Amino acid sequence: MTTELNRKLSWLRVGDETPKVLPVAGKRNVLITSALPYVNNVPHLGNLIGAVLSADVYARYLRQRGVNCLYVCGTDEYGTATETKAQQEGLTPKEICDKYNALHREVYEWFDIDFDYFGRTSTNEQTEICQEIFWDAHKNGYVVEGQLEQLYCRNDKRFLADRYVQGTCPLCGFEDARGDQCDNCGRLLNPIELISPRCSTCRTEPEVKKTNHLFLDLPELKDELANYVEETSKKGDWSANALTMTQTWLRDGLRQRCITRDLKWGTPVPLEGYTDKVFYVWFDAPIGYISITASCTDEWRKWWFPQPGQDVELIQFMGKDNVPFHTVIFPSTLIATRKDWTRMQAISTTEYLNYEDGKFSKRNGVGVFGTDAKETNIPAEVWRYYLLSNRPELADSTFLWSDFTAKNNDELLKNLGNFINRTMSFVTRNFDSTIPLVELSKDDEEVIANINLELEEYITQMDKVALKAGIKKAMAISKIGNQYLQSNQPWVLEKTDKKRAGSVLAVASNLVHLLADLLEPFLGSQWSGKVYSMLGVEATAETSKISNQFVFKLKKGHRIGEPVLLFREIKDKERDELRKKYAGSQAERLASAAQADVNADSVFRLDLRVGVVNECIEHPESQTLFICKVDVGEENPRELVAGLREFYKREEIIGRKVVVVCNMARTRLAGIESQGMMLTAEKKKDVKLLEVSDAAVGELLVPEGTRSEPSPALDRKAFQAASKGLRVGKESSILFEKKHVLKTAESNTLASSAGVAEGGKLK
């Protein structure tokens with residue numbers, strides 16, 4: 001295993017095996033962070049370019065320039081988003097965090113992201129450091145007590161944290177704004193400001209109640225914060241959007257900011273009287289940068305409290321919606337401790353990456369997600385190149401499949417790939433895979449001078465974290481290489497002046513090496529490793545070092561490896577298929593795929609079983625719901641919440657045999673978890689439970705002539721797609737696809753609609 005690959009895999013290790021990178025006296029020491037991704041979904045391409053991928057490029061570049069650099073990131077695991085996702089999937093918050101932390105790792109590994117350490121915030125280190133910072137701020141008088149009017153759900157019997165509330169934005173009128181932020185206009189909100197608020201769990205309208213909370217006293221910290229912003233934004237050359245947003249916050253006046261929430265899943269508040277609360281995620285989450293460093297190394301304080309002569313620059317990457325929390329809330333929190341913490345010096349932010357005709361959205365499942373990219377059979381380096389060359393640095397940019405295809409075919413394949421392949425192939429065929437002697441002509445020296453001008457500009461742009469300009473400069477050098485080959489035509493010279501042909505190819509081969517070095521930050525070490533292998537060199541830190549001048553690293557007599565094709569053409573047909581495949585939302589794609597699967601193969605995706613209702617009580621907090629205990633032949637009965645009080649009395653349900661959908665994702669209804677769903681037939685307000693009175697408890701129901709392959713954990717939309725083919729037939733029968741009769745697999749008992757008329761739907 002090469003030195004580079006050893007380093008590359010280091011972030012996947014844990015504990016004592018993780019290499020320790022510490023500040024070094026007399027060297028430039030840079031601590032890089034990317035915004036911690038929420039653990040409630042798979043990251044999409046907008047998340048990648050906004051933080052993780054951009055930070056990876058800069059960290060790689062610094063390492064290749066000999067800078068001592070530590071790049072840390074991890075999943076942000078506390079807060080409402082996690083609790084909500086856990087409820088949706090019928091898991092505990094810890095199980096959700098474990099699941100999605102692993103998924104994030106898989107995506108980042110595939111995208112060739114080279115963290116020094118990738119951690120998480122649900123750790124003991126997070127609790128200890130967060131509480132330490134809180135106590136310091138509290139001791140210094142910057143944490144104050146107060147009351148909030150907060151929305152309270154009577155059904156769920158709890159105060160609703162931000163993301164448990166949805167409603168209409170009071171500023172722009174967007175009807176699906178969250179309680180903490182409007183996705184349409186981007187403004188931060190308090191849940192109580194929403195028009196027509198509703199509980200995101202049970203959809204009822206909450207009431208307003210007062211509750212005690214803790215607040216960070218930002219007005220008392222404003223002057224020191226303003227001085228910090230004024231000094232640091234100039235020194236660190238903050239991006240324009242970051243500075244504008246921060247100055248807007250300061251200009252409009254800072255308010256005391258609530259730092260606690262009425263949740264169970266989070267860093268516990270240690271102050272007496274508030275121990276039933278947790279810290280608000282935007283007080284807690286930025287501290288994750290510190291705790292993840294602490295998980296990486298016991299000597300973490302050397303990065304966050306640097307010793308004399310070991311100065312540390314903190315450079316942070318994020319999307320623009322995260323800016324105020326990093327330029328206002330986090331530095332104010334550190335100032336409040338009266339300790340000399342390392343504070344952010346430079347911030348690199350992006351605008352939004354849109355998708356075709358809409359926005360990338362984790363919440364709505366819109367766009368191409370990391371797992372999607374992996375399934376396309378298009379290598380990670382192509383995705384990396386497209387995202388970085390299209391990086392939304394000054395304005396929003398848009399992912400277009402047509403543009404994606406053009407950049408692959410015209411820039412990577414025809415420019416970069418063509419130059420590398422022609423050079424390596426000529427050396428292999430005509431010079432026995434051996435680098436010839438270089439004898440520079442005046443024209444060569446002029447070409448090298450032009451390369452050095454582009455290289456100088458590349459370094460200038462990369463030092464300024466202008467990544468989009470940096471990749472353009474690297475590709476400009478590739479274009480020079482193509483022009484150099486074309487003007488010298490070594491394939492012709494080889495017949496008339498082999499010595500000159502050899503010299504041209506030796507220059508071109510060294511230019512290939514330079515391009516591998518310059519493009520490794522952008523395309524990743526998996527790609528550069530292929531090029532180094534073709535060049536016959538081992539991928540090491542010294543191999544990929546980026547110098548101030550074009551250095552000839554391949555000497556006369558050096559043997560190269562086997563040439564390989566680095567890129568392939570993406571045809572129009574493939575492009576169109578990908579555009580169609582990733583249209584709409586994730587849920588719509590799953591539903592469409594499920595329906596297509598059913599239609600094509602008569603595959604039945606529902607897990608329907610005969611159950612008997614052992615217990616049934618009226619839900620104390622709802623006028624429409626029953627809470628039932630239903631035996632479906634498993635070790636323990638399932639608890640089901642059913643909206644049947646308008647149609648049945650409880651005594652009519654107890655002892656009744658019913659059809660239960662057993663592969664529904666667990667969900668909470670009015671505060672009670674439902675572990676499935678009783679199936680009903682419905683037409684024109686005539687609603688009846690399906691009847692299977694002669695069947696045995698636990699028997700499977702399958703439409704005759706179909707193949708039973710139940711899908712795992714169906715959400716509402718996936719259930720609707722899988723059940724779409726079920727209808728009431730003649731004489732109360734239940735049909736699938738108008739021809740397959742639903743009945744039990746063992747006793748052949750027919751399911752009945754109990755009198756609901758033909759054409760009725762099953763719900």
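In this text the structure is predicted, and so the values were computed from the model without any measurement.
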Worked check of side-chain contact (heavy atoms from CB on, under 4.5 Å) between Asp321 and Tyr352 = CA-CA 9 Å; Asp321 50 344; Tyr352 291 125; 3.8 Å; yes

Test side-chain hydrogen bond (donor to acceptor under 3.5 Å, both in side chains) on Asn101 and Thr75 and set out the steps.
-> CA-CA 6 Å; Asn101 178 272; Thr75 43; 2.8 Å; yes

Kindly determine whether Thr82 and Val39 satisfy side-chain contact (heavy atoms from CB on, under 4.5 Å), including the steps that lead there.
-> CA-CA 7 Å; Thr82 304; Val39 75; 3.7 Å; yes

Full working for side-chain contact (heavy atoms from CB on, under 4.5 Å) between Tyr108 and Cys73 = CA-CA 11 Å; Tyr108 301 143; Cys73 186; 5.8 Å; no

Check step by step if side-chain contact (heavy atoms from CB on, under 4.5 Å) holds for Leu700 and Leu608.
-> CA-CA 6 Å; Leu700 186 69; Leu608 302 184; 5.6 Å; no

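Using a cutoff of 4.0 Å between basic side-chain nitrogens and carboxylate oxygens, Lys657 and Asp631 are not scored as salt-bridged. Ion pairing between Lys761 and Glu682 fails under the 4.0 Å rule for side-chain N and carboxylate O. Salt bridge Lys743/Glu704: present, at least one basic N to carboxylate O contact under 4.0 Å. Ion pairing between Glu691 and Arg656 holds under the 4.0 Å rule for side-chain N and carboxylate O. Residues Lys688 and Asp686 are paired through a salt bridge, judged by an N-O separation under 4.0 Å between the basic side chain and the carboxylate. Using a 4.0 Å cut-off between charged nitrogen and carboxylate oxygen, Arg645 and Glu618 count as a salt-bridge pair. Between Asp98 and Arg120 there is a salt bridge, since at least one side-chain N of the basic residue sits less than 4.0 Å from a carboxylate O of the acidic one. Between Arg707 and Glu709, at least one side-chain nitrogen of the basic residue sits less than 4.0 Å from a carboxylate oxygen of the acidic one, meeting the salt-bridge criterion.
Of the possible donor and acceptor atoms, none in the side chain of Gln623 sits under 3.5 Å from a partner among the backbone N and O of Glu646. Arg638 contributes a side-chain N or O that, together with a main-chain N or O of Cys662, makes up a donor-acceptor pair within less than 3.5 Å. Panel note: side chain Asn663, backbone Asp607; a donor-acceptor pair is recorded below 3.5 Å.
Atom-to-atom distance recorded for Leu216:CG and Gln256:CD is 9.0 Å, nearest 0.5 angstrom. Here the CD atom belonging to Glu77 is positioned 10.0 Å from the CD atom belonging to Gln126, to the nearest 0.5 angstrom.
Using the six-membered ring where Trp is involved, Phe134 and Phe279 have ring planes that are tilted, between 30° and 60° apart.
With sequence neighbours excluded, the residues satisfying side chain to side chain contact (heavy atoms under 4.5 Å, CB included) with Lys649 are Glu651, Glu652.
Taking the side chain as every heavy atom from C-beta outward, Leu148 and Cys258 approach each other to under 4.5 Å. Between Leu160 and Cys153 the shortest side-chain heavy-atom distance falls below 4.5 Å. Looking at heavy atoms from C-beta onward, Ile734 lies in side-chain contact with Leu690 at the 4.5 angstrom threshold. Proximity of Val659 to Val610: side-chain heavy atoms (C-beta onward) are nowhere separated by under 4.5 Å.
Partner of Lys277 under the side chain to side chain donor-acceptor pair (under 3.5 Å) criterion, out of Asn212, Thr260, Asp262: Asp262 alone. A side chain to side chain contact (heavy atoms under 4.5 Å, CB included) with Leu762 holds for exactly one of Thr680, Val756, Val728; it is Val728.
In this structure, His104 has its ring center no closer than 6.0 Å to that of Tyr100.
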